[in-house]
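Notes follow once the structure below has been shown.
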Amino acid sequence: MGKGFFISKAVGIAAIIVGAGALATIIALSVVYSQEKAKNNDNVLPTDGGTTSKPPVTTTAPSNEPWDKYRLPKSLVPDHYNVTLWPRLKQNLTTGLFIFTGQSTVEFVCAEETDLILIHSNKLNYTKRENNHLASLTSLGGVKAPSIKSSWLQQVTQYLVLQLDGKLMKDHRYHLHTDFTGELADDLGGFYRSEYMEDGVKKVVATTQMQPTDARKAFPCFDEPAMKAIFHITLIHDLGTVALSNGEEKESSNVNIEGHDVQKTVFQPTEKMSTYLLAFIVSDFSFINNTIDGVLIRIFARTPAIAAGQGDYALNKTGPILKFFEKYYNSSYPLPKSDQIALPDFNAGAMENWGLITYRETALLYDETFSSNSNKQRIATIIAHELAHMWFGNLVTLRWWNDLWLNEGFASYVEYLGAHEAEPEWNVKDLIVLSDVHRVFAVDALASSHPLSSKEEDIQKPAQISELFDAISYSKVTSLTQNNKLISLFSLQTYLAEFAFGNAGYTDLWSHLQMAVDATGTDIPETVSNIMNTWVLQMGFPVVTVNTSTGIISQKHFLLDPDSEVTTPSIYNYEWIVPIKWMKTETIQHPKWLKNESVSGSDWVLANINVVGYYRVNYDQGNWERLLGVLSTNHVAIPVINRAQLVDDAFNLARAKIISTVLALRTTKYLNKEREYMPWESAVGNLDFFYLMFDRSEVYGPMQDYLRNQVTPLFTHYKSLTDNWKNVPVGHMDQYNQVNAISLACRTGLRECQNLTNQWFNQWMETKLNPIHPNLRSTVYCNAIAAGGAKEWEFAWSQFKNASIAIEADKLRYALACTKQPWLLNRYLEYTLDPNMIRKQDATSTIVYIANNVIGQSLAWDFVRARWSYIFTQYGGGSFSFSNLVNGVTERFSTEYELQQLKQFKEDNAEVGFGSGTLAVDQSIERTIANIKWIAENKQNVLDWFKAEEKP
Ligand SMILES: *[C@@H]1O[C@H](CO)[C@@H](O)[C@H](O)[C@H]1NC(C)=O
Ligand SMILES: *[C@@H]1O[C@H](CO)[C@@H](O)[C@H](O)[C@H]1NC(C)=O
Ligand SMILES: *[C@@H]1O[C@H](CO)[C@@H](O)[C@H](O)[C@H]1NC(C)=O
Ligand SMILES: *[C@@H]1O[C@H](CO)[C@@H](O)[C@H](O)[C@H]1NC(C)=O
Ligand SMILES: *[C@@H]1O[C@H](CO)[C@@H](O)[C@H](O)[C@H]1NC(C)=O
Ligand SMILES: [Zn+2]
């Protein structure tokens, strides 16, 4: 097949035929990638479970005993489990603990003769059974089971170990019985508790988060994704409470157990499924429901939230999205019901438990008076994401966690398709570039990045599994697949059909894609796996340079810091098979695999149209000048997504020293004429880096003056569009850009903007009636609190504590970090580690908000350094995203002194460890070194440029 598809690093691809005179011929090869495009959202959290960070795993002396290995042996295969759990929602005043008790029987088949049973178990205490052992064993079919010789808990590898005095026989079935007790802690992992106040009364919910490795914290189980089984679940709970699990409620009766009158709810057995998708919940919640084609859909939440109609939006949208995916996958929803529940305490954004999806309140509950359009978009996309997993992930499951990226990446892509179905006017698919491509570009451009696919043997310990839940896993596949015709419906459908109720790896998906390509005769130059492997098996991505003067197109591994050392070898030598879609002057080209095209001296060339390819583009200086010329004279000639991309590419190429920083800054000059959201958002995102690097230096003043001039026309535009801020812009993207206009205008000190936000906030304080539109609240609160003092802060704090919907509380929690008063910031930092003040789920992001504030930066860093071992031990059990924390508090680091502090921090805490933040510490060191060099090389130029631009 056509070799030309490949752009070689060494020579530039394909021979270039230099045309006559000023004409050069470019050979561009391309897959016809259809379009889709890009977006924004405030979704900083990973969508599903899995952010749980674990305390350091201390390895004992190396040993070859099976119970010292993290992976289960292949000798036993579970068939089904009968599990009864009884969570106590009242604290035992003697022990001070909330607990749950349980009994479990698992039926398993012996696949290979063995005298050892290993089953996962973590933090469970067992009631002794026959002969003082932790479990008992019976056999089916007439043979006698061997007796248990010894039993113990292996803590490091999280096993219940049973040594037998004889062999289990191949193909025979056995039952393993256990009685156990666990703590229903507030640690957000396994079976845990969430608390909230209702009418002045504290209420407790028992709920679960199993992914990736915490089902073993709820009951003993073969806790690996390929160990699928059927689960018969029974929950014992207080009279009047609601019990939920993956299956439908089969029967519920009042019973007396150990002198307690309680309710016993038995659920229908589940389908054959993985342990990480189980869920058990006992609460006082209410629900609303409907049915669609026989599938029961329910939304559960706190009773006042349901009564206020906050579940209505989710209920309205779930049915249509579910129907969309049934059609998309050509497979009917495999379960009789779909429950979704909003929890006051939840670590990730949401979790796709099969038939019982759990969410943060902010990710499911919508209220017109409090929710912004961005909140609403997040709800629609997260619901779509989780529903997409019901098939891709739940019905067909990854074989092992090293393929997590396929599961998450795919769901992160199709969530846009589902959300588009729910809200067709939004054009959410345009936002993929801003929220996924840019997000993953940022981390994947570091030498410390990692390939999408990891080796199975490299991912063993729970902390290694947790570390996989990062931007690369979630966003890179989205960036690769968007518009990629390779992911055709046909092949997905056959893939799902072949592996339903089973497990698969990514190579299985490639085979089905290849079958589809062969069946349809699609013209691609290499096999699917040859193409995809260059993107999946090596980290990073290329910068493609289009030289219009020589006609040569070449590619190179894009590294944000060109001096950083890539120590990870790649079998592809950091070359990729790159699809290129491009345009010349005003015509979009639809090249076939190979096409000769000539470019005249005055024509401009633009590659990666609508950013359907996962790569950056650089040009020769002449073409850059021509593109800048078009931006300043007729910017609409360039598609809006590419205007955003030109800005982003230029700023990042400048960081990598491929072009000058001044050239990057020049891409912002046309913004005083730009009214579209995406280019502004891209510019604001990139200028954030300038703020981080320069807001403590003399560059700050001239930079503020320049940006204020650039944004003032946008501010004025929205002022008139909204009739002096009275109306809401109609378009979804316009609503987003209105926020940018106000944020940047206030940030750069536009007096009219500051007066506006202060006046709104004061009006709220005085009248107690909030006049601020939900779309604008985050930025208005932040600016008013920054301009104000203790009075404004205390008012916002009391509104935060009394907010009736988490979406409003979140806006306030963010804005409280904007104050300029160090004492308020220090006190706020203290609050973050007090769960009565700030929920554990919100601790990390609050500290990071404070660090984003130029005044709060060093306070937050001191705080985290001083408390590291406390944070690690107290919050290590699942409630902290250590990588976000480490990256967040060190983001502004750009001095030698800060680098030393960071290195010292790494050294000082080597013993305590960094858990899921281990990689983030190295990334932060790498980023700080790059920042130091960048400032040394750029500060003077940047200062001179801003000063020159200020002059009329
Ligand atoms: C509290 O725990 C103690 C010690 O385990 C136990 O003896 C007692 O029965 C428990 N109290 C209640 C009310 O469950
Ligand atoms: C589990 O419960 C089901 C339904 O009551 C029963 O048929 C099955 O035999 C039980 N299995 C075990 C291992 O106890
Ligand atoms: C389990 O046993 C340990 C050690 O005896 C004890 O500290 C812990 O509180 C027990 N947990 C529960 C939930 O009973
Ligand atoms: C909703 O639930 C109520 C109460 O359980 C039930 O009576 C009603 O039939 C359900 N409605 C739908 C549309 O399923
Ligand atoms: C939900 O749908 C109903 C019926 O179409 C509609 O009246 C209501 O406004 C919708 N609610 C939300 C929050 O979208
Ligand atoms: Zn997901």
Side-chain angles (χ1 to χ4, degrees), residues 43 45-51 86-101 125 127 181-184 209 211-212 225 238 257-260 262 276-277 288-290 292 297 299 301 305-306 308-321 325 347-354 357-360 363-371 373 375-377 379-394 397-398 401 403-416 418 422-423 436 468-471 473-475 477-478 774 805 807:
N43 177 0
L45 292 154
T47 311
D48 331 286
T51 47
W86 183 6
R88 313 300 156 88
L89 304 189
K90 294 198 182 63
Q91 192 173 22
N92 180 315
L93 297 173
T94 319
T95 62
L97 295 181
F98 289 82
I99 63 154
F100 62 92
T101 52
N125 292 346
T127 309
T181 305
E183 187 184 348
L184 196 66
Q209 167 60 38
Q211 195 189 28
D238 288 339
I257 303 180
E258 298 162 15
H260 300 274
V262 288
Y276 80 88
L277 295 168
I288 45 175
N289 60 333
N290 62 30
I292 184 154
I297 296 170
I299 307 293
I306 290 295
Q310 294 170 4
D312 295 359
Y313 181 69
L315 186 66
N316 281 2
K317 295 301 174 190
T318 298
I321 296 175
F325 282 125
N347 202 27
M351 176 65 212
E352 70 265 23
N353 315 300
W354 217 6
I357 308 173
T358 45
Y359 293 84
R360 271 189 181 219
L364 191 68
L365 302 181
Y366 171 81
D367 189 320
E368 208 176 358
T369 43
F370 294 104
S371 305
N373 66 324
N375 298 142
K376 193 174 191 178
Q377 184 189 317
I379 293 167
T381 45
I382 295 201
I383 290 175
H385 180 107
E386 306 308 329
L387 292 178
H389 274 313
M390 299 297 115
W391 290 262
F392 204 99
N394 299 8
T397 309
L398 39 85
W401 297 108
D403 278 344
L404 175 82
W405 60 273
L406 185 62
N407 191 26
E408 288 314 335
F410 186 78
S412 300
Y413 170 60
V414 294
E415 71 182 38
Y416 288 97
E423 298 286 357
D436 285 285
L468 292 173
F469 289 79
D470 68 358
S473 294
Y474 277 81
S475 294
V477 178
T478 307
I805 180 165
I807 260 166

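FYI, the numbering just counts along the sequence from 1. Only a predicted model underlies this, so the values are computations on that prediction, with no experimental measurement involved. Atoms within each ligand, like the ligands themselves, are counted from 1 in listed order.
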- Message: Does E368, at its CD atom, have more than 12 non-hydrogen atoms belonging to other residues, nucleotides or ligands within less than 6.0 Å?
- Response: no
- No-hydrogen, no-angle side-chain donor-acceptor test under 3.5 Å, H385 and E408: yes
- Heavy-atom pair of closest approach, residues A363 and I382: CB-CD1, 3.8 Å
- For Y313, the ligand 5 atoms with a heavy-atom partner under 4.0 Å come out as 13 (C), 14 (O)
- Message: According to salt bridge (Lys or Arg N to Asp or Glu O under 4.0 Å), who are the partners of K317, at least two apart in sequence or on a separate chain?
- Response: E423
- Message: Considering both backbone and side-chain atoms of Y366, is one of its nitrogen or oxygen atoms within less than 3.5 Å of a nitrogen or oxygen in ligand 5?
- Response: no
- Message: For W401 versus L468, what's the shortest heavy-atom pair and its separation?
- Response: O-CD1, 3.2 Å
- Task: Would you give the length of the straight line joining atom CG of L315 to atom CD1 of I383, rounded to the nearest 0.5 angstrom?
- Result: 9.5 Å
- Query: In H385, what N, O or S atom is nearest to the Zn ion (ligand 6), if we give its atom name?
  - Reply: NE2
- Message: Any non-hydrogen side-chain atom of H389 less than 4.5 Å from a side-chain atom of F325?
- Response: no
Could you check ligand 1 for N or O atoms lying under 3.5 Å from protein N or O atoms and list the pairs with distances?
unit_1	atom_1	unit_2	atom_2	d
ligand 1	2 (O)	N92	OD1	3.4
ligand 1	2 (O)	N92	ND2	2.2
ligand 1	11 (N)	N92	ND2	2.9

- Before giving the answer on side chain to side chain contact (heavy atoms under 4.5 Å, CB included), spell out for F392 and L406 the whole-Å C-alpha distance, their side-chain angles and the decisive distance to 0.1 Å. CA-CA 9 Å; F392 204 99; L406 185 62; 4.1 Å; yes
- Message: Could you tell me, atom by atom, which parts of ligand 5 come under 4.0 Å of a heavy atom of N316?
- Response: 1 (C), 2 (O), 3 (C), 8 (C), 10 (C), 11 (N), 12 (C), 14 (O)
- Item | D312 side, atom CG; Y366 side, atom OH - distance, nearest 0.5 Å | 11.0 Å
- Presence of N, O or S from E386 under 2.8 Å of the Zn ion (ligand 6): no
- Please name the atom of E408, restricted to N, O or S, that is closest to the Zn ion (ligand 6). OE1
